[in-house]
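For reference, positions follow the sequence shown, starting with 1.
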Amino acid sequence: MGFRGIIAIFVSASLLGQAVSIAAPKPWEKTVTTLPRGSFPNPRPITATYHFGWNEVVAASAEIKFGKNDGRLQLEGSGGTIGVVRALWKFDTHHRALADPVTLRPISMHQVDEVRKKTVTTNLVFKPGGVERLRTDNKTSKRPTPKTYNFPGGVFDMHSALLYLRSQPLQEGDTYRVVVYPATSPYLATLKVVGRPSLTVGAGTYRAIKLDVQLSK
């Protein structure tokens, strides 16, 4: 599967996370995948545009750029609601994440979310086995306090998680379990390779990798 396709999977999974949440088996800590990065090379720079909606109504759009910044892997994204939906719910988001090109572990994440009368800024700094979060908004006068969270086996953000999984062999039947901290809440993501079908789109027919994705909050 191409990098663009995996981005689409993670975008969809993040939007539907609460809808598909399941009860995590216990003790879940011992089930986390601890394999090092795979041998598949890092993806080339790419810019992808997405449209989200239902039926023929486009509710939101987003542009995602993958590249490098001072030798580190960088993912930049921006998007928001559009059209009729924007009149009902104004929302814009800007996202930037950095990852180590050798280990594919996360380094930092900066995200700004804007609604009609409120702007929320989230900064994540990743360390071995944990993450430090600083979250601010323009409606709160109280000085923000950094919060630290520790996770056995390590933690990824969305960017580094897709890089890590993309580097693996992804053979049919393979199962990977990783802790992902997108912005404010951690998820235990279980991904199982369930097939390698062909996928036909407007540009042609391509080989794909089908994944079953389950999220536990």
Side-chain angles (χ1 to χ4, degrees), residues 3-22 45-67 69 72-99 106-126 130-149 151 155-163 178-189 213-217:
F3 186 61
R4 182 178 305 189
I6 294 184
I7 290 178
I9 287 176
F10 272 81
V11 169
S12 300
S14 65
L15 292 175
L16 298 176
Q18 293 188 359
V20 299
S21 291
I22 60 173
I46 186 175
T47 298
T49 301
Y50 295 92
H51 298 286
F52 307 93
W54 58 94
N55 296 328
E56 296 183 358
V57 178
V58 179
S61 64
E63 181 179 79
I64 295 176
K65 297 180 179 180
F66 174 83
N69 184 336
R72 300 170 296 182
L73 301 181
Q74 177 174 273
L75 181 68
E76 290 184 292
S78 61
T81 51
I82 60 177
V84 176
V85 174
R86 190 171 183 83
L88 300 174
W89 181 49
K90 181 182 178 182
F91 176 77
D92 294 293
T93 185
H94 306 278
H95 181 99
R96 184 181 71 252
L98 296 173
I107 297 173
S108 64
M109 190 281 290
H110 172 77
Q111 181 169 301
V112 179
D113 298 317
E114 301 175 75
V115 292
R116 291 192 184 279
K117 297 181 179 180
K118 187 176 182 179
T119 299
V120 179
T121 301
T122 304
N123 286 292
L124 304 179
V125 176
F126 292 87
V131 57
E132 181 181 274
R133 187 192 78 192
L134 182 64
R135 190 169 170 85
T136 62
D137 69 73
N138 64 340
K139 293 295 183 180
T140 302
S141 58
K142 184 178 179 181
R143 186 172 182 176
T145 302
K147 296 183 179 180
T148 300
Y149 304 91
F151 299 97
V155 59
F156 294 91
D157 65 345
M158 295 284 286
H159 174 217
S160 56
L162 73 87
L163 288 172
V178 294
V179 177
V180 183
Y181 197 96
T184 60
S185 298
Y187 288 84
L188 179 63
V213 182
Q214 298 182 350
L215 303 177
S216 301
K217 189 173 182 180

**Report entry** F151 vs L188 side-chain heavy atoms within contact, under 4.5 Å
**Finding:** no
| said: Within the structure provided, determine whether E114 and K90 are in side-chain contact (heavy-atom separation under 4.5 Å). | reply: no
By salt bridge (Lys or Arg N to Asp or Glu O under 4.0 Å), D92 pairs with (sequence neighbours left out) R86
Those residues at least two apart in sequence (or on a different chain) that pass ring-ring contact (aromatic ring centres under 6.0 Å, His included) with Y181 are Y149
Any H110 side-chain heavy atom under 4.5 Å of T121 side chain = yes
Sorted by chain and number, sequence neighbours left out, salt bridge (Lys or Arg N to Asp or Glu O under 4.0 Å) with K65 holds for E63
Query - Validation row: E76, I64 side chains within 4.5 angstrom (heavy atoms) - result: no
Nearest heavy-atom approach of F156 to P106 is CA-CG, 4.0 Å
Any side-chain heavy atom of T81 within less than 4.5 Å of one from F52? no
| query | Between L163 and L73, is any pair of side-chain heavy atoms under 4.5 Å apart? | reply | yes
S160 backbone acceptor or donor facing D157 side chain under 3.5 Å
yes
Report task. Flag the pair R135 / D137 as yes when at least one side-chain heavy-atom distance between them is below 4.5 Å, and no otherwise. Result -> no
dist M158:CE -> L75:CG (nearest 0.5 Å) comes out at 9.5 Å
For P182 and L124, the nearest pair of non-hydrogen atoms, with its separation, is O-CD1, 3.9 Å
